[in-house]
Chemist: 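The following block contains the structure, expressed as C-alpha cells.
Atoms within each ligand, like the ligands themselves, are counted from 1 in listed order. Atom set for the values below is all heavy atoms of this structure, side chains included, hydrogens, waters and symmetry mates excluded.
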Amino acid sequence: QRELLSLSKAYEDLFLIGAAVNHYTIDSELSLLEKHFNSLTAENEMKFEHIQPKENQFQFEYVDKLVSYSERYGHQLRGHTLVWHNQTSDWIFKAPEGKEMNRDLLLERMKSHIMTLLKRYKGKFYSWDVVNEAISDQKGEFLRSSPWLDIIGEDFIDYAFRYAHEADPEAALFYNDYNECDPEKRDKIYTLVKDMLEKDVPIHGIGLQAHWNIHDPSMDHIRAAIEKYASLGLQLQITEMDVSMFQFEDKRMDLLKPTNEMLEKQAERYEQFFKLFKEYHQHITSVTFWGVSDKYTWLHDFPVRGRRNWPFLFDENNQTKEAYWRVIDQV
Ligand SMILES: Oc1ccccc1CN[C@@H]1C=C[C@@H](O)[C@H](O)[C@H]1O
C-alpha cells in the first residue's frame, strides 16, 4: 500500500488544487479537504438565489462558515458566481409595482448585489467567477439570450466586471464557461474576452469549467483551447472539473458501479489532463474539482436524474482510485 501523498502538496509549485463544497460537505469531507486541497469554491451557496433571495435580504451564514474554515485549514477561496442566467432570484428581473423593468434599474440591482457581497469579503477571495456561461451554444448566436442580456444589453458583462473590480480591486476576475474546448464556442469565448480587453474591462482570467468525460473532449481540442485562451495573456483556471463515466448523450441508467474498463479509461484521461495542465502551468493558476469524492456530485442528477456517476479521484468511501495515483505520479 503506497503512502497517501497530498494532491495540493504534490502540485504546490504548479497550481492550487481546489474542491467545490457546501455547508454540509465542508464538515463531512473535512479530512480529504484538509489533506488534499488548498482552494475551495461554494458549489451553490454563493449563487445569487442563495445570497439575496429577496431584495435587500442577504444570507451570509454559509459564506461566513466557508471563510472561517478556509482561514483555519489554509484554503484560498474562489467566489462563484455573480451574474448568471441560472439559480438567480426572480425578483431581480421584475419591475416594482406598476412600473416597467428597465436597464438602469437592473444595473442598479446588479451593482448592489456585487458591491454588498464583494465588500463584505474584500481580500478573502483570490478569484471570482464574475459572469458565468454568457456565450451561446447555438450555431450563429454569440451571447445566449437571458434577462440580463434582454433588459440591459450586451454590456451587462462589462458592467459586472467593473462593479466587481471597484468592490475588490485585489481579486482576480474571471469569465467562466462550459463546453469551453468546443472549437466554435472556444472562438466565441476568445472573441468576447479579447473585446473586453480592448475596452479596458478589468478581466484577469478565463475559467474552463472542464465538465469532461472519459470519451471527450479530445486532447487536441483541450490543448487548442488552452493555447488560444493563454494567447490573451490572462490567467487560466480549471474551475469545475469532473470526468463523467458517460458521454453527454448516453442516458443509460443500468450501472450501480463503474466497470473496470471505465475506471481504467478514467485514470488514463486524468493522467493525460494533468500532464497537459503541468505543461501549461505558467498559465494555469488553479485546478478545482466540482466536488470531493464520488459520494456526492451534481452528475448524479445531470443530465440524467437519479443516475449514479463516479467522476472524481476519490470513491464513495473516500478511498483513492487508480485516477488519483496517475495524477500524483505526474509530478
Ligand atoms: O455542464 C453544463 C451543461 C449545461 C448547463 C450547465 C452546465 C454546467 N454548469 C455548471 C455546473 C454546475 C453548477 O453547479 C455550476 O454553477 C455551473 O457553472
Chemist: Heavy-atom contact under 4.0 Å between Phe302 and ligand 1?
Modeler: yes

Chemist: Please state which protein non-hydrogen atom is closest to atom 9 (N) of ligand 1 and give its distance, to 0.1 Å?
Modeler: Glu133 OE2, 2.8 Å

Chemist: Restricting to side chain to side chain contact (heavy atoms under 4.5 Å, CB included), what partner residues turn up for Lys185, sequence neighbours left out?
Modeler: Ile135, Asp137, Asp177, Tyr178, Asn179, Asp182, Ile189

Chemist: For ligand 1, indicate whether the residue Asp129 contacts it via side chain, backbone, both or neither (heavy-atom separation under 4.0 Å).
Modeler: neither

Chemist: Could you tell me whether Trp84 and ligand 1 have an N or O pair separated by under 3.5 Å?
Modeler: no

Chemist: Could you tell me whether some N/O pair between Gln87 and ligand 1 is separated by less than 3.5 angstrom?
Modeler: no

Chemist: Could you tell me which atoms of ligand 1, counted from 1 in the order shown, lie closer than 4.0 angstrom to a heavy atom of His211?
Modeler: 1 (O), 8 (C), 10 (C), 11 (C)

Chemist: Flag this pair as yes if the NZ/CZ of Lys251 is under 6.0 angstrom from the six-membered ring centre of Phe248 and inside a 45 degree cone about the axis; otherwise no.
Modeler: yes

Chemist: Among all protein non-hydrogen atoms, which one is nearest to atom 16 (O) of ligand 1, and what is the separation to 0.1 Å?
Modeler: His80 NE2, 2.7 Å

Chemist: Hey, which of Met196, His204, Lys199, Glu166 is the one that makes side-chain contact (heavy atoms from CB on, under 4.5 Å) with Phe161?
Modeler: Met196

Chemist: What protein heavy atom lies closest to atom 15 (C) of ligand 1? Include the residue and the distance to one decimal.
Modeler: Glu240 OE1, 3.5 Å

Chemist: Between Asp294 and Lys257, is there a salt bridge with N-O shorter than 4.0 Å?
Modeler: no

Chemist: Just to confirm my output: which protein heavy-atom neighbour is closest to atom 1 (O) of ligand 1, and how far is it?
Modeler: Trp298 CH2, 3.5 Å

Chemist: N/O to N/O below 3.5 Å, does that happen between Tyr178 and ligand 1?
Modeler: no

Chemist: Considering the options Val287, Val327, Asn38, Leu16, which one meets the side-chain contact (heavy atoms from CB on, under 4.5 Å) requirement together with Tyr11?
Modeler: Val327

Chemist: Which heavy atom of the protein is the closest neighbour of atom 8 (C) of ligand 1, given with residue, atom name and distance?
Modeler: Gln209 OE1, 3.2 Å

Chemist: Can you report which non-hydrogen protein atom sits closest to atom 13 (C) of ligand 1, along with the distance?
Modeler: Lys47 NZ, 3.5 Å

Chemist: Show me the donor-acceptor pairs, under 3.5 Å and distance only, between side chains in residues 94-102 and residues at least two apart or in other chains.
Modeler:
{"residue": "Asn102", "atom": "OD1", "partner": "Asp104", "partner atom": "N", "Å": "3.0"}
{"residue": "Asn102", "atom": "OD1", "partner": "Leu105", "partner atom": "N", "Å": "2.8"}

Chemist: List ligand 1 atoms under 4.0 Å from Asn132, heavy atoms only on the residue side.
Modeler: 17 (C), 18 (O)

Chemist: State, with a plain yes or no, whether a side-chain heavy atom of Arg78 is found less than 4.5 Å away from one of Thr239.
Modeler: yes

Chemist: Starting from atom 12 (C) of ligand 1, find the nearest protein heavy-atom neighbour and note its residue, name and distance.
Modeler: Trp290 NE1, 3.6 Å

Chemist: Do Arg72 and Glu34 make a side-chain contact, defined as non-hydrogen atoms from C-beta onward lying under 4.5 Å apart?
Modeler: no

Chemist: Does one side chain, of Trp128 or Asp168, offer a donor that lies under 3.5 Å from an acceptor on the other?
Modeler: no

